[in-house]
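One structure below.
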Amino acid sequence: MLDLAEAQARADHAVGIICDASTGDRLTGPRLEALRPHLALGLLRVPMSRHIAFNDIAAYRAARDTARALAADVVHGHGAKGGAYARLVVRALKADGDKVISCYTPHGGSLNYSPRTPVGRIYMGLERALARWSDAIVFESAFAARRYRTQVGEPPCGVDVVPNGLADADFTPVAPGPDAADFLFIGELRAVKGVDVLLKALARLKAEREVSAVVVGGGQDLAALQAEAAALGIAGCVRFPGPMPAREAFRLGRIMVVPSRAESFPYVVLEAGAAGLPLISTNVGGIPEIVAGTRTTLLPPDDVDALCAAMRATLAEPELARWKADGLREAIAARFTIASMNSAILRLYYGALGRI
């Protein structure tokens with residue numbers, strides 16, 4: 001979202017951001033403040049919850065009043081909650097006679113729930129209701145588009161698949177630091193990311209050889225994961241340094257591990273590949289689209305045996321791992337850039353604006 005906002009601002013569009021004030025890690029505030037000078041329409045942070053909550057009413061009203069005051073042409077909601085606000089805001093503004101479009105980019109969110117569960121049925125029903133007020137939907141992966149169509153239905157509006165993109169600076173290789181661990185995880189510490197699977201695989205490897213890992217990130221499962229590392233007898237070879245910028249974190253490990261149980265289209269896979277790190281990842285979400293046509297193979301999720309074997313093999317054959325990493329970096333550079341992402345989304349905006 002930040003990359004897209006900055007790219008649009010640099011292309012002389014007036015851009016503003018409305019986002020949550022109650023969550024985020026210690027990097028969130030500085031990142032937003034660094035972008036503020038580029039935001040002609042300003043930066044507004046209001047409390048928003050991940051799930052349906054009473055503060056949704058206040059957040060919606062703040063977004064509606066801000067978009068109305070700024071005479072916005074486009075309200076683009078990111079994630080299920082942002083997408084709900086955006087479409088409800090535009091519905092209200094159109095009722096007032098304003099010419100404005102809503103655009104929605106799912107980032108997993110409600111689509112991660114099974115439609116066979118009670119909660120999933122509620123969220124899919126809300127998605128179908130909100131779809132009627134969508135002018136454009138941008139999927140960040142073909143996987144997300146397929147999942148939406150399967151669980152929600154055919155979108156009744158303009159649709160495109162626009163992958164996330166990286167800046168030129170992201171393709172500068174990052175060399176591991178002198179005290180880098182063997183393995184590196186970067187991400188939010190919650191069950192869907194599969195860090196517990198990584199810890200179990202690491203414990204098995206530790207029985208064979210000296211091994212180490214760094215788990216970068218914060219989240220609701222931090223204490224539980226630290227306790228699990230201790231219970232597995234690997235507390236001394238796993239560090240939890242907290243959140244930090246990805247390129248800073250890349251120096252802390254030699255091999256990137258993404259053991260997720262589910263994903264949409266994870267930036268960290270793009271960033272790690274662009275930085276030249278060997279990658280061990282599960283075959284979930286849009287990750288196959290990132291590695292398509294490369295020599296990087298993917299693993300089944302929730303499989304400690306497969307992950308342990310891949311980690312063992314990558315340590316044993318560093319030159320092969322480097323060869324695969326070089327091929328992945330070249331493929332990402334050819335297909336996933338901020339410039340192409342921004343151009344495609346602007347085309348979708350213009351197409352939707354031309355239909356109102």
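Values in this document were obtained by computation on a predicted structure and should not be read as measured data.
- Here the OG1 atom belonging to Thr297 is positioned 10.0 Å from the CG atom belonging to Asn283, to the nearest 0.5 angstrom.
- One hydrophobic cluster holds both Leu189 and Ile234 under the rule that ILVMFWY side chains link at heavy-atom gaps under 4.5 Å.
- Partners of Glu289 according to the salt bridge (Lys or Arg N to Asp or Glu O under 4.0 Å) rule, which considers only residues two or more places apart in sequence or in another chain, do not exist here.
- Annotation: side chain of Leu279 is in contact with side chain of Val291 (closest heavy-atom distance under 4.5 Å).
- Leu166 and Leu4 fall within a single hydrophobic cluster, where Ile, Leu, Val, Met, Phe, Trp and Tyr side chains are chained together by heavy-atom contacts under 4.5 Å.
- Listed for the Arg322 side chain is a donor-acceptor partner under 3.5 Å among the backbone atoms of Gly276.
- Taking Ile, Leu, Val, Met, Phe, Trp and Tyr as hydrophobic and joining them when side-chain heavy atoms fall under 4.5 Å apart, one finds Val15 in a cluster with Met1, Leu2, Ile17, Leu32, Leu35, Leu39, Leu43.
- Applying the side chain to side chain contact (heavy atoms under 4.5 Å, CB included) test to Glu208 and every residue at least two apart in sequence or in another chain returns Leu205, Arg312.
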**OP:** Give the intermediate values and the outcome of salt bridge (charged side-chain N to carboxylate O under 4.0 Å, His left out) for residues Asp20 and Arg50.
**Re:** CA-CA 9 Å; Asp20 179 41; Arg50 182 182 292 272; over 6 Å; no
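- Within a 6.0 Å radius of CG in Asp168, no more than 12 heavy atoms belonging to other residues, nucleotides or ligands are found.
- Every residue meeting the salt bridge (Lys or Arg N to Asp or Glu O under 4.0 Å) condition with Glu263, not counting sequence neighbours, appears here in chain and number order: Lys193.
- In terms of modelled atom types and a separation under 3.5 Å, the side chain of Lys324 and the main chain of Pro278 share no donor-acceptor contact.
- In terms of hydrophobic clustering, with Ile, Leu, Val, Met, Phe, Trp and Tyr side chains grouped at heavy-atom distances under 4.5 Å, Leu346 and Ile356 are assigned to a common cluster.
- When the side chain to side chain contact (heavy atoms under 4.5 Å, CB included) test is applied to Ala167, the partners found at least two apart in sequence or on another chain are Asp170, Ile338.
- The nearest pair of heavy atoms linking Leu184 to Ala249 is CD2-O, 3.5 Å.
- Taking 4.5 Å as the limit, every side-chain heavy atom of Asp160 sits out of range of all side-chain heavy atoms of Val138.
- Qualifying side-chain hydrogen bond (donor to acceptor under 3.5 Å, both in side chains) partners for Arg190, counting only residues two or more places apart in sequence or in other chains: Glu188.
- Gln226 is not listed as a side-chain neighbour of Val215, based on a closest heavy-atom distance of 4.5 Å or more.
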**OP:** For Trp133 and Val90, run side-chain contact (heavy atoms from CB on, under 4.5 Å): C-alpha distance rounded to whole Å, both residues' side-chain angles, the deciding distance at 0.1 Å, then the answer.
**Re:** CA-CA 8 Å; Trp133 303 318; Val90 168; over 6 Å; no
Subject >> Derivation of the side-chain contact (heavy atoms from CB on, under 4.5 Å) call for Leu307 and Lys200 >> reply: CA-CA 9 Å; Leu307 181 57; Lys200 291 181 179 74; over 6 Å; no
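- Side-chain atoms of Ile186 and Phe250, non-hydrogen and from C-beta on, do get closer than 4.5 Å to each other.
- In terms of heavy-atom proximity, Ala9 sits nearest to His38 at CB-O, 3.3 Å.
- The hydrophobic cluster around Tyr104 extends to Ile52, Leu111, Tyr113, Val119, Ile122, Tyr123, Met124, Leu126, Ile137, Phe139, Tyr148, Val152, Val159, Val161, counting ILVMFWY residues whose side-chain heavy atoms fall within less than 4.5 Å of a member.
- Every residue meeting the side chain to side chain contact (heavy atoms under 4.5 Å, CB included) condition with Glu248, not counting sequence neighbours, appears here in chain and number order: Met244, Pro245.
- By the 4.5 Å heavy-atom criterion applied to side chains, Met311 and Leu202 are counted as neighbours.
- Side chains of Ser264 and Glu140: a donor on one and an acceptor on the other come within 3.5 Å.
- Within the structure, ring-ring contact (aromatic ring centres under 6.0 Å, His included) pairs that include any residue of residues 260-292 comprise Phe265-Phe336 (at least two apart or interchain).
- In this structure, OG1 in Thr296 is found 10.5 Å from CD1 in Ile280, a value given to the nearest 0.5 Å.
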Original post:
Going through the checks in order, is the side-chain contact (heavy atoms from CB on, under 4.5 Å) test met by Ile287 and Phe143?
Top reply: CA-CA 9 Å; Ile287 296 174; Phe143 163 80; over 6 Å; no
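- Looking at Ser22, its side chain does come within 3.5 Å of a backbone N or O of Met48 through a donor-acceptor pair.
- Residues His13 and Val74 are not in side-chain contact: their nearest non-hydrogen atoms beyond the backbone lie 4.5 Å or more apart.
- Not counting sequence neighbours, the partners of His78 by the ring pair (Phe, Tyr, Trp, His ring centres under 6.0 Å) test are His76, His107.
- Between the side chain of Arg251 and the main chain of Ala175, a donor-acceptor pair closer than 3.5 Å is present.
- Proximity of a side-chain donor or acceptor of Arg147 to a complementary backbone N or O of Gly285 within less than 3.5 Å is not detected.
- Across all non-hydrogen atoms, the minimal contact from Cys308 to Arg204 is SG-CB, 3.8 Å.
- A side-chain hydrogen bond (donor to acceptor under 3.5 Å, both in side chains) check over residues 58-69, counting only residues at least two apart or in different chains, returns the pairs Arg68-Asp96.
- Between Cys157 and Ser134 the shortest heavy-atom distance is CB-O, 3.3 Å.
- Between the CZ atom of Arg128 and the CD atom of Gln151 there is a distance of 9.5 Å, given to the nearest 0.5 Å.
- To the nearest 0.5 Å, atoms CD (Glu210) and SG (Cys237) are separated by 8.0 Å.
- Of the residues listed (Arg91, Lys99, Lys94), the one engaging Asp135 in a salt bridge (charged side-chain N to carboxylate O under 4.0 Å, His left out) is Lys94, and it is the only one.
- Ala331 and Thr294 get closest at one heavy-atom pair: CB-CG2, 3.5 Å.
- Rounding to the nearest 0.5 angstrom, the gap separating the CG atom in Leu299 from the CG atom in Asp305 is 11.5 Å.
- In summary, the side chains of Ser340 and Thr337 do present a donor paired with an acceptor at a separation below 3.5 Å, with no hydrogens or angles considered.
- Note on Leu315 and Leu198: same hydrophobic cluster, where clusters join Ile, Leu, Val, Met, Phe, Trp and Tyr whose side-chain heavy atoms are under 4.5 Å apart, directly or indirectly.
- Atoms OG1 and CZ, from Thr172 and Arg247 in turn, are 5.5 Å apart once rounded to the nearest 0.5 Å.
- Criterion: ILVMFWY side-chain heavy atoms under 4.5 Å apart, direct or through other members. Under it, Phe183 and Val214 are not part of a common hydrophobic cluster.
- Open room surrounds CD on Glu319; 12 or fewer heavy atoms of other groups in view lie less than 6.0 Å from it.
- Using a 4.5 Å cut-off on side-chain heavy atoms (C-beta onward), Gln8 and Tyr349 make contact.
- For Asp182 (side chain) and Ser212 (main-chain N/O), a donor-acceptor pair under 3.5 Å exists by modelled atom type.
- Of the possible polar contacts, one joining the Arg132 side chain to the Ala129 backbone as a donor-acceptor pair under 3.5 Å is found.
- Remark: Arg36 pairs with Glu33 by the salt bridge (Lys or Arg N to Asp or Glu O under 4.0 Å) rule, at least two apart or across chains.
- With respect to Arg261 and Asp196, a salt bridge is recorded, a charged nitrogen being found less than 4.0 Å from a carboxylate O.
- Contact between Ala67 and Val89 at its shortest, heavy atoms only, is CB-CG1, 3.9 Å.
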